[in-house]
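Below is one structure, written out as structure tokens; the observations come after it.
If you're wondering where the values come from, they're calculated on a predicted model, not measured in any experiment.
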Amino acid sequence: MISAEFEKVIIVEGLTDKKQIEKVINDEVTIVCTNGTFGVERFDELLETYGLDDKDVFILVDEDKSGLKLRKQLARELPHAEHIYISSEYREVAATPEKILASTLLSKHFSVRPIFLI
């Protein structure tokens with residue numbers, strides 16, 4: 001199935017973040033890796049490829065300098081996007097315990113694997 005078909009999109013920084021989310025999520029969602037900050041051309045490519053203007057977009061990035069910079073950039077470009085925050089205690093999405101990540105995603109109405117809610 002083509003990932004652009006899903007109605008929900010989560011934007012993350014890197015592949016390890018994506019893999020961490022894929023472990024806990026039990027929802028049809030497209031997870032897009034930006035690989036850090038990016039320019040207008042790359043953003044336009046993502047916008048077109050994933051139809052970001054017509055989807056429920058969620059931004060889930062690390063709580064560090066580069067993550068905050070990316071969040072600010074994405075907030076400007078995608079004002080309709082909803083932000084998901086991890087605790088600064090963990091700093092990185094990939095380092096956030098599965099149980100915490102599952103609860104965070106559940107609070108944003110994502111379906112998660114029940115094993116991570118125990």
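Within a 6.0 Å sphere centred on CD of Glu41, heavy atoms belonging to other residues, nucleotides or ligands number 12 at most. When the shell of 6.0 Å around CD1 of Ile115 is examined, it contains 12 or fewer heavy atoms from other residues, nucleotides or ligands.
The closest side-chain heavy-atom distance from Lys99 to Leu117 is not below 4.5 Å. Within the 4.5 Å cutoff, no side-chain heavy atoms of Thr104 are placed close to those of Thr96. Side-chain contact between Leu60 and Asp17 is absent, with no heavy atoms from C-beta onward closer than 4.5 Å. Counting heavy atoms from C-beta on, the side chains of Ile10 and Leu105 come closer than 4.5 Å.
In this structure, OG1 in Thr16 is found 7.0 Å from CD in Glu92, a value given to the nearest 0.5 Å. Distance check: Glu7 CD to Glu28 CD gives 10.0 Å after rounding to the nearest 0.5 Å. Atoms CG and OG1, on Asp44 and Thr49 in that order, are 10.0 Å from each other to the nearest 0.5 Å. Expressed to the nearest 0.5 Å, how far OH of Tyr50 lies from CD1 of Ile31 amounts to 11.0 Å. The CG atom of Asp53 sits 11.0 Å away from the CD atom of Glu48 when rounded to the nearest 0.5 Å. Rounding to the nearest 0.5 Å places CZ of Arg113 at 5.0 Å from CG of Asn26.
Nearest heavy atoms, Gln20 versus Pro97: NE2-C, 4.3 Å. Minimum interatomic distance between Glu13 and Asp62 (heavy atoms only, all atoms of both residues): OE2-N, 2.8 Å.
Clustering ILVMFWY residues whenever any of their side-chain heavy atoms sit less than 4.5 angstrom apart, transitively, puts Tyr90 in a cluster other than the one holding Val61. Side-chain heavy atoms closer than 4.5 Å link hydrophobic residues (I, L, V, M, F, W, Y) into clusters, and following such links, possibly through other members, connects Leu47 to Leu74. Neither Val9 nor Leu15 shares a network with the other; the hydrophobic side chains, linked directly or stepwise wherever heavy atoms of I, L, V, M, F, W or Y lie under 4.5 Å apart, form separate groups for each. Ile100 and Ile21 sit in two unconnected hydrophobic clusters of ILVMFWY residues. Membership requires side-chain heavy atoms under 4.5 Å apart, directly or through other members.
If you run salt bridge (Lys or Arg N to Asp or Glu O under 4.0 Å) between Lys8 and each of Asp27, Asp56, Asp54, only Asp27 comes through.
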Open item on the list: Run Leu78 and Ile11 through side chain to side chain contact (heavy atoms under 4.5 Å, CB included) and show every step you take.
Closed with: CA-CA 11 Å; Leu78 295 167; Ile11 299 176; 3.7 Å; yes
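With respect to Arg42 and Glu45, a salt bridge is recorded, a charged nitrogen being found less than 4.0 Å from a carboxylate O.
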Per-pair distances, 0.1 Å, donor-acceptor, side chain in residues 79-89, under 3.5 Å, sequence neighbours excluded:
{"unit_1": "His80", "atom_1": "NE2", "unit_2": "Leu52", "atom_2": "O", "d": "2.9"}
{"unit_1": "His80", "atom_1": "NE2", "unit_2": "Lys55", "atom_2": "O", "d": "3.4"}
{"unit_1": "Glu82", "atom_1": "OE2", "unit_2": "Lys108", "atom_2": "NZ", "d": "3.1"}
{"unit_1": "His83", "atom_1": "ND1", "unit_2": "Arg71", "atom_2": "NH1", "d": "2.9"}
{"unit_1": "Ser87", "atom_1": "OG", "unit_2": "Glu89", "atom_2": "N", "d": "3.1"}

